[in-house]
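All values below come from the heavy atoms of this structure, side chains included, with hydrogens, waters and symmetry mates left out. Sequential numbering from 1 along the given sequence is applied to the chain's residues.
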Amino acid sequence: MSIQIAFHHERPISPAAILSLCNQQAAADARTIAQTELMLQEGLTVGVWADQQLIGFSRAVTVGRLCAYIKEVVVDKRYPQARIGQKLINHLLKGLEQVEIIHLLCARDLLTDRGTDTHKDTGTWLFQHKKASDLSSPA
């Protein structure tokens, strides 16, 4: 099995494949194909494929260089959630290296300890970028 990770602009992500992944989740929203297509045009989206099947995606919405919000980290339930989720977040962080502050709401096991602060009152993880080299961790 071959795993590939890429931004949407490098390898287009099918809206139908995203909806299929979201429908696996207990808290799936009522998003439509048209809404998903619009979502893919905004912000930064990354996908993970096992061979030709989309098995995960994540997206970030930015406010210029000031801040970004990682809005979703969705992984096919048949794959190791933390490992695929970490790959998605690490790839997104590479694409957001010019952004000063990044907010993310997710499980602790999706993050590395470097560059993150926890806001326990809100459950938000905060990345504050000092240098691009501080962002990446071994995948």
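Looking at S2, its side chain never comes within 3.5 Å of a backbone N or O of D51 through a donor-acceptor pair. In this structure a side-chain-to-backbone donor-acceptor pair under 3.5 Å is missing from Q53 to A50.
Counting heavy atoms from C-beta outward, L40 and I18 have side chains that approach closer than 4.5 Å. Here the side chains of D76 and Q24 are in contact, with some heavy-atom distance below 4.5 Å. Inter-residue side-chain proximity for L88 and V75 is flagged as met; some heavy-atom pair is nearer than 4.5 Å. When side chains are defined from C-beta on, I102 counts as touching L93, because their heavy atoms get closer than 4.5 Å.
Considering every non-hydrogen atom in both L96 and A60, the closest pair reads CD1-CB, 3.7 Å. Of all heavy-atom pairs spanning T45 and I13, the tightest one is CG2-CD1, 3.7 Å. Across all non-hydrogen atoms, the minimal contact from H91 to A6 is NE2-CA, 4.1 Å.
Transitive grouping of hydrophobic side chains (ILVMFWY, heavy atoms separated by less than 4.5 Å) keeps I70 and V61 in distinct clusters. Connection of M39 to I33 is not established within any shared hydrophobic cluster, with ILVMFWY side chains joined at heavy-atom distances below 4.5 Å, either directly or through further cluster members. Note: the hydrophobic cluster containing L38 does not contain L21 (ILVMFWY, side chain heavy atoms under 4.5 Å, direct or indirect links). Tracing side-chain contacts under 4.5 Å through hydrophobic residues (I, L, V, M, F, W, Y), one never reaches V73 starting from L19; they form parts of separate clusters.
If you take CZ on F57 and SG on C22, they are separated by 4.0 Å, rounding to the nearest 0.5 Å. Between atom NZ of residue K71 and atom CG of residue L92 there is a gap of 13.5 Å, rounded to the nearest 0.5 Å. The distance from atom OG1 of T62 to atom CZ of R59, rounded to the nearest 0.5 Å, is 11.5 Å. With values rounded to the nearest 0.5 angstrom, N90 atom CG is found 11.0 Å from S58 atom OG. A distance of 12.5 Å separates CD in E37 from CZ in R31, rounded to the nearest 0.5 Å. Note that CD1 of I55 and NZ of K87 are 9.5 Å apart. Values are rounded to the nearest 0.5 Å.
Counted within 6.0 Å of CZ on R65, heavy atoms from surrounding residues, nucleotides or ligands total 12 or fewer; the atom is thus considered open.
Aromatic ring pairs are classed by plane angle as parallel below 30°, tilted from 30° to 60° and perpendicular above 60°; the pair H103 and Y69 is parallel.
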